[in-house]
Protein chains: 2
Amino acid sequence: VVAGRRDVRRFDPDRTLPEATLRQILTLAILAPSGYNLQPWRFLIVRSNKNLQKLRRCAFGQPQLADAAVAIIVLAYQNPHLTHLDALIAMRRAEVGMTDSDTGEFRARASRTLDKLADRRTWALRWTLLATGTLLLAAQSMGVSSLLVDNFDEEATRAGFGIPDDHSIGGFVALGFAIEEDPFAGRFGLDEVCYEEHFGQPWAPGEP
Amino acid sequence: VVAGRRDVRRFDPDRTLPEATLRQILTLAILAPSGYNLQPWRFLIVRSNKNLQKLRRCAFGQPQLADAAVAIIVLAYQNPHLTHLDALIAMRRAEVGMTDSDTGEFRARASRTLDKLADRRTWALRWTLLATGTLLLAAQSMGVSSLLVDNFDEEATRAGFGIPDDHSIGGFVALGFAIEEDPFAGRFGLDEVCYEEHFGQPWAPGEP
């Protein structure tokens with residue numbers, strides 16, 4: 001699945017994505033892990049023609065967005081510890097069977113850690129992009145092609161889709177069926193992108 | 001693979017990770033896509049006892065880091081367009097067979113886009129965390145357990161491992177073989193984390 005995935009160059013504008021397939025892709029995506037299981041990802045699903053065109057304008061005209069069956073604005077919510085801790089703990093009690101004292105300790109630890117984070121925006125983006133990686137592979141495993149759009153006007157997107165300040169925009173995922181995909185463009189060798197024990201020190205392969 | 005993965009609570013301290021397995025995991029991780037294929041991820045592999053202990057201290061004592069077979073400091077490099085564009089284009093010519101004029105256009109477009117990005121740190125983190133998602137699933141598919149550590153002292157990590165300012169720290173991945181894994185703690189329903197067409201508007205499932 002990993003090796004077979006390519007970015008989409010051109011979507012088939014006439015094919016729609018069955019609702020059940022979209023649900024399955026998202027159901028897999030949210031199985032990704034997250035800190036304290038706080039699940040900071042939010043997915044804003046865009047598929048009306050009008051809004052796909054609007055989203056395309058937010059992405060400086062990126063053509064694939066207009067022909068995608070569905071686009072998802074991936075959002076990273078920075079304050080789940082303020083709003084979702086009760087629901088999370090109720091779910092955790094049901095799934096794991098926590099005791100009252102475990103519950104109290106979990107609540108205190110999660111709140112304290114999130115409150116003390118130097119950069120909660122990055123924290124939320126971290127887990128959200130991790131889930132987005134899962135989403136792209138889940139789509140691929142179901143025969144659905146994708147593209148992650150990384151260049152967009154943040155302010156225009158916020159204004160156009162009503163996104164509040166405590167949600168960062170991780171990117172736009174376009175989903176659909178490809179007429180044309182990008183060719184494999186190669187990858188740098190592991191020696192180029194890996195270090196060992198200290199930054200700048202080459203990875204010295206040990207015994208296999 | 002997605003549904004079967006759990007965070008590690010306790011690693012087997014006596015089992016090492018074969019070098020070939022680590023290579024295969026990283027080889028799959030770097031097949032992740034990236035903007036202009038600039039591959040901003042860097043992986044700093046830590047496995048000496050001394051450095052695993054140091055990394056554990058950087059992560060406020062997170063116990064799994066000491067017993068992991070390997071830990072990877074995941075880095076997001078913000079300036080690949082300044083240093084890697086020539087190598088990238090050479091690779092692209094070999095893989096895809098670009099013409100001279102395609103090459104010139106690609107170079108100009110990639111440089112311009114990266115130069116103009118409002119937030120290149122987020123850009124680099126986006127693709128790096130996406131690849132980290134692939135890495136965790138690649139490990140899982142090979143029977144290797146993992147944990148992504150999201151709470152660490154950034155300055156101590158930079159100082160301790162010589163990480164320069166143009167590389168952001170995406171997180172620490174601990175890899176190894178689990179003695180104990182976290183139980184599944186549940187997930188919010190899709191209705192809780194999905195919106196449709198506009199932020200706050202519930203996802204109204206269409207025809208299946």
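By convention in this document, chain letters (A, B, ...) are assigned in the order of the sequence lines, proteins followed by strands, and residues within each chain are numbered from 1. Since the structure is predicted, the reported quantities are computational estimates derived from the model, not experimental observations.
Each of Leu88(B), Leu55(B), Leu125(B) has some count of heavy-atom pairs under 4.5 Å with chain A, and the biggest count is that of Leu88(B). Most heavy-atom pairs under 4.5 Å with chain A: of the set Asn37(B), Asp7(B), Val96(B), Thr122(B), this distinction falls to Asn37(B). For the set Arg92(B), His84(B), Lys54(B), the count of heavy-atom pairs under 4.5 angstrom toward chain A peaks at His84(B). Your options are Thr21(A), Leu44(A), Val46(A), and the one with the most heavy-atom pairs under 4.5 Å with chain B is Leu44(A). Annotation: maximal heavy-atom pairing with chain B below 4.5 Å, among Gly162(A), Gly160(A), Ala185(A), occurs at Ala185(A). Interface remark: of the candidates Gly35(B), Gly171(B), Ser168(B), Ala32(B), Ala32(B) forms the most heavy-atom pairs closer than 4.5 Å to chain A. Of the residues considered (Ile163(A), Val1(A), Ile30(A)), Ile30(A) shows the highest number of contacts with chain B, using heavy-atom pairs under 4.5 Å.
Contact annotation for residues 130-138 of chain A against chain B (heavy-atom separation below 4.5 Å, listed by residue number): Leu130(A), Thr132(A), Gly133(A), Thr134(A), Leu136(A), Leu137(A).
In this structure, the portion of Arg121(A) lying under 4.5 Å from any heavy atom of chain B is its side chain and not its backbone. Residue contact with chain B, scored on non-hydrogen atoms closer than 4.5 Å, involves the side chain of Phe152(A) exclusively. With a 4.5 angstrom heavy-atom cutoff, Asp150(A) touches chain B via backbone and side-chain atoms both. Interface remark: Leu17(A) contributes no atoms to any contact with chain B (heavy atom separation under 4.5 Å). Heavy atoms closer than 4.5 Å to chain B are found in the backbone of Leu38(A), but not in its side chain. Heavy atoms of Glu192(A) lying under 4.5 Å from chain B belong to its backbone as well as its side chain.
Looking at residues two or more places apart in sequence or on another chain, you find a side-chain hydrogen bond (donor to acceptor under 3.5 Å, both in side chains) between Arg120(B) and Asn79(B). Considering only residues two or more places apart in sequence or on other chains, Arg109(A) meets the side-chain hydrogen bond (donor to acceptor under 3.5 Å, both in side chains) condition with Glu105(A). Evaluation of the side-chain hydrogen bond (donor to acceptor under 3.5 Å, both in side chains) rule for Asp86(B) yields Arg107(B) as partners, not counting sequence neighbours.
Contact check on Arg23(A) versus Glu19(A) returns no salt bridge, with no Lys/Arg side-chain nitrogen under 4.0 Å from an Asp/Glu carboxylate oxygen. Comment: Glu196(A) engages Arg47(B) in a salt bridge, judged by a side-chain N to carboxylate O separation of less than 4.0 angstrom.
Pairing each heavy atom of Gln53(B) with each of Ala66(B), the nearest pair is NE2-CB, 3.9 Å.
Side-chain contact between Leu75(A) and Phe199(B): present, with at least one pair of heavy atoms (C-beta onward) separated by less than 4.5 Å.
Under a 3.5 Å cut-off, the side chain of Gln39(A) and the backbone N or O of Phe188(B) do form a donor-acceptor pair. Not a single donor-acceptor pair under 3.5 Å links the side chain of Arg5(B) to the backbone N or O of Pro33(A).
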